[in-house]
Protein chains: 2
Amino acid sequence: MFDQFKNKLPFDEKHWNDYVGYFKRIQVPSKTTLLQEGKISKKVFFIEKGCIRVWFNNNGNDVTFQFFLEGDRVSSTESFKKNIPSIVTIETIEPCTLWVIGKKDMDKMVSEAFEIPEVREKLIDSLFDRNIHYMKHCLSFIKDTPQQRYLNLIQEKPQIVQRIPQHYIASYLGITTVHLSRIKSKLAREKK
Amino acid sequence: MFDQFKNKLPFDEKHWNDYVGYFKRIQVPSKTTLLQEGKISKKVFFIEKGCIRVWFNNNGNDVTFQFFLEGDRVSSTESFKKNIPSIVTIETIEPCTLWVIGKKDMDKMVSEAFEIPEVREKLIDSLFDRNIHYMKHCLSFIKDTPQQRYLNLIQEKPQIVQRIPQHYIASYLGITTVHLSRIKSKLAREKK
DNA sequence: GCAAGACGATAACATTTGTTATCGAATGAG
DNA sequence: CTCATTCGATAACAAATGTTATCGTCTTGC
């Protein structure tokens with residue numbers, strides 16, 4: 001059942017039995033807050049079913065920063081790692097089935113993983129990959145129009161556009177719902 | 001003389017003598033390309049004097065992504081780490097005095113640093129810090145107006161606004177030079 | 001020192017994006 | 001099932017931002 005998260009876990013397939021007991025399966029309704037902004041993150045979530053968004057509070061109106069779907073790992077990484085208050089809120093969008101692991105267990109896993117050179121290398125690589133991902137995300141805001149960003153999103157994560165309420169997508173793209181609506185209708189018109 | 005880079009180097013102060021020979025001091029004129037987009041990065045630069053920008057090629061017009069000043073370390077991190085073609089170009093803005101280290105030496109330093117737990121921890125922390133930095137940079141494009149981003153830049157790196165040509169700053173902020181000019185004159189008017 | 005080009009300010013106009021309001025369809029609680 | 005609420009589309013208008021062009025100043029190479 002962990003097939004889904006294989007490449008998101010800091011250990012090798014053959015060690016599953018050692019660690020599987022660390023994880024707890026939970027079900028939560030939609031709009032559940034998994035981590036509140038300002039709190040210190042003590043858990044990491046793996047999504048078996050459902051979707052989640054991570055958002056920032058920008059004096060009152062929320063700014064959606066990332067979406068997560070089945071097979072993804074979700075946490076406020078920096079809060080979790082450094083024991084500092086999270087700057088983001090983590091919230092379910094749909095009813096979710098999640099696997100949860102606590103900080104102590106996760107830390108144990110990670111530190112043991114670090115003893116194995118190739119696993120260590122994989123973990124560090126994933127940090128670099130995250131960096132590259134964020135860089136490109138930034139860049140997209142500088143060089144692309146909102147319409148282009150919307151098209152990119154459709155291309156890269158088509159499920160998101162289908163499953164997720166439009167106002168979350170608009171805030172993710174950095175525009176208003178009205179403008180997103182305009183973009184959609186313009187694209188539909190051009191398609192004909 | 002390495003005081004300037006103390007916290008950017010992957011080893012402890014007391015090991016300087018072991019490594020100092022790896023670095024070469026060079027002087028280059030302004031507008032020198034230190035790494036061309038598409039090439040694989042084999043060097044890391046440390047700025048003793050001068051400033052540098054990192055930019056993306058966006059079909060013809062360049063998009064400045066980051067500025068670096070005295071004391072900063074500059075490289076195309078992902079290209080350097082993974083031996084893949086760089087997506088960015090690194091270019092001097094002013095005549096620069098730099099310290100350069102090649103990949104083989106750098107790798108040696110890093111792998112040795114990883115044997116020392118507290119240095120390893122520091123290195124990994126810095127990867128997380130980079131992540132947080134990029135996240136916040138992204139976020140700024142979603143939630144702030146160009147004027148606010150300009151004010152942030154003045155606050156965080158006042159030197160940049162003073163030393164760096166305006167068209168680079170405009171592209172860094174994601175706006176045109178004309179618009180930056182408007183923002184500046186508007187701010188000047190309001191100040192009076 | 002001079003000429004060519006780079007740089008920054010500004011204006012006029014065009015386009016994009018935000019704001020507010022309205023409407024109908026979809027959704028969810030009871 | 002029904003009513004209240006949420007969600008998405010659309011319109012009219014306002015504000016922000018881009019485009020193009022012009023001008024004067026400042027660099028820079030020669």
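Only this structure's heavy atoms are used, side chains among them; waters, hydrogens and symmetry mates stay out. Naming convention: chains lettered A, B, ... in sequence-line order (proteins, then strands); numbering from 1 in each chain.
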S.K.: CD1 of B/I183 versus P of C/dG8: gap in Å, rounded?
M.R.: 15 Å
S.K.: Taking the nucleotide of DNA chain C with the nearest heavy atom to each, does B/T177 or B/Y168 sit closer to the 5' end?
M.R.: B/Y168
S.K.: OP1 or OP2 of D/dG8 sitting under 4.0 Å from any side-chain N/O of A/K184?
M.R.: no
S.K.: Nearest 0.5 angstrom please: B/R182 CZ to B/R189 CZ, how far?
M.R.: 11.0 Å
S.K.: Consider the side chain of A/V178, meaning its heavy atoms from C-beta on, and name the nucleotide among C/dA21, C/dC7, D/dT20 that approaches it most closely.
M.R.: C/dA21
S.K.: Taking the six-membered ring for Trp and the single ring otherwise, decide whether the centroids of A/F46 and A/F23 are under 6.0 Å apart.
M.R.: yes
S.K.: Between atom CD in B/Q148 and atom P in D/dT17, what is the gap in whole Å?
M.R.: 12 Å
S.K.: Reckon B/S181 has a side-chain N or O less than 4.0 Å from the OP1 or OP2 of C/dT10?
M.R.: no
S.K.: Let's see if you can work this out: which of C/dG8, D/dG8, D/dT19 has an atom nearest to the side-chain heavy atoms of B/P165?
M.R.: C/dG8
S.K.: Using a heavy-atom cut-off of 4.0 Å across all strands, would you classify A/I175 as base, sugar-phosphate, or nothing?
M.R.: sugar-phosphate
S.K.: At under 4.0 Å, does any side-chain N or O of B/S185 touch on OP1 or OP2 of C/dT10?
M.R.: yes
S.K.: Calculate the interatomic distance between B/I169 atom CD1 and C/dC7 atom P; express it in whole Å.
M.R.: 12 Å
S.K.: Mind calculating the distance between NZ (B/K31) and C1' (D/dG29) to the nearest angstrom?
M.R.: 13 Å
S.K.: I need the CD-C1' distance between A/Q147 and C/dT15, as an integer number of Å.
M.R.: 13 Å
S.K.: Within less than 4.0 Å of OP1 or OP2 of C/dT16, is there a side-chain N or O belonging to A/H179?
M.R.: no
S.K.: Would you tell me if any nitrogen or oxygen in the side chain of B/H167 comes within less than 4.0 Å of OP1 or OP2 on C/dA6?
M.R.: no
S.K.: Any chance the rings of B/F65 and B/Y172 have centres within less than 6.0 Å?
M.R.: no
S.K.: Measure from CD on A/E94 to C1' on C/dG28 and round the result to the nearest Å.
M.R.: 16 Å
S.K.: Could one point to a donor on the side chain of A/R182 or the base of C/dG18 with an acceptor on the other under 3.5 Å away?
M.R.: yes
S.K.: Would you tell me if any nitrogen or oxygen in the side chain of B/Q166 comes within less than 4.0 Å of OP1 or OP2 on C/dA9?
M.R.: yes
S.K.: In Å, rounded to the nearest 0.5 Å, how long is the span from SG of B/C51 to CZ of B/F68?
M.R.: 11.5 Å
S.K.: In whole angstrom, give the distance that lies between atom CD1 of A/I93 and atom C1' of C/dG28.
M.R.: 18 Å
S.K.: Rounded to whole Å, please give me the gap between CD1 in B/I164 and C1' in C/dA6.
M.R.: 17 Å
S.K.: Kindly determine whether B/N131 and B/K136 satisfy side-chain hydrogen bond (donor to acceptor under 3.5 Å, both in side chains), including the steps that lead there.
M.R.: CA-CA 9 Å; B/N131 268 328; B/K136 289 191 173 167; over 6 Å; no
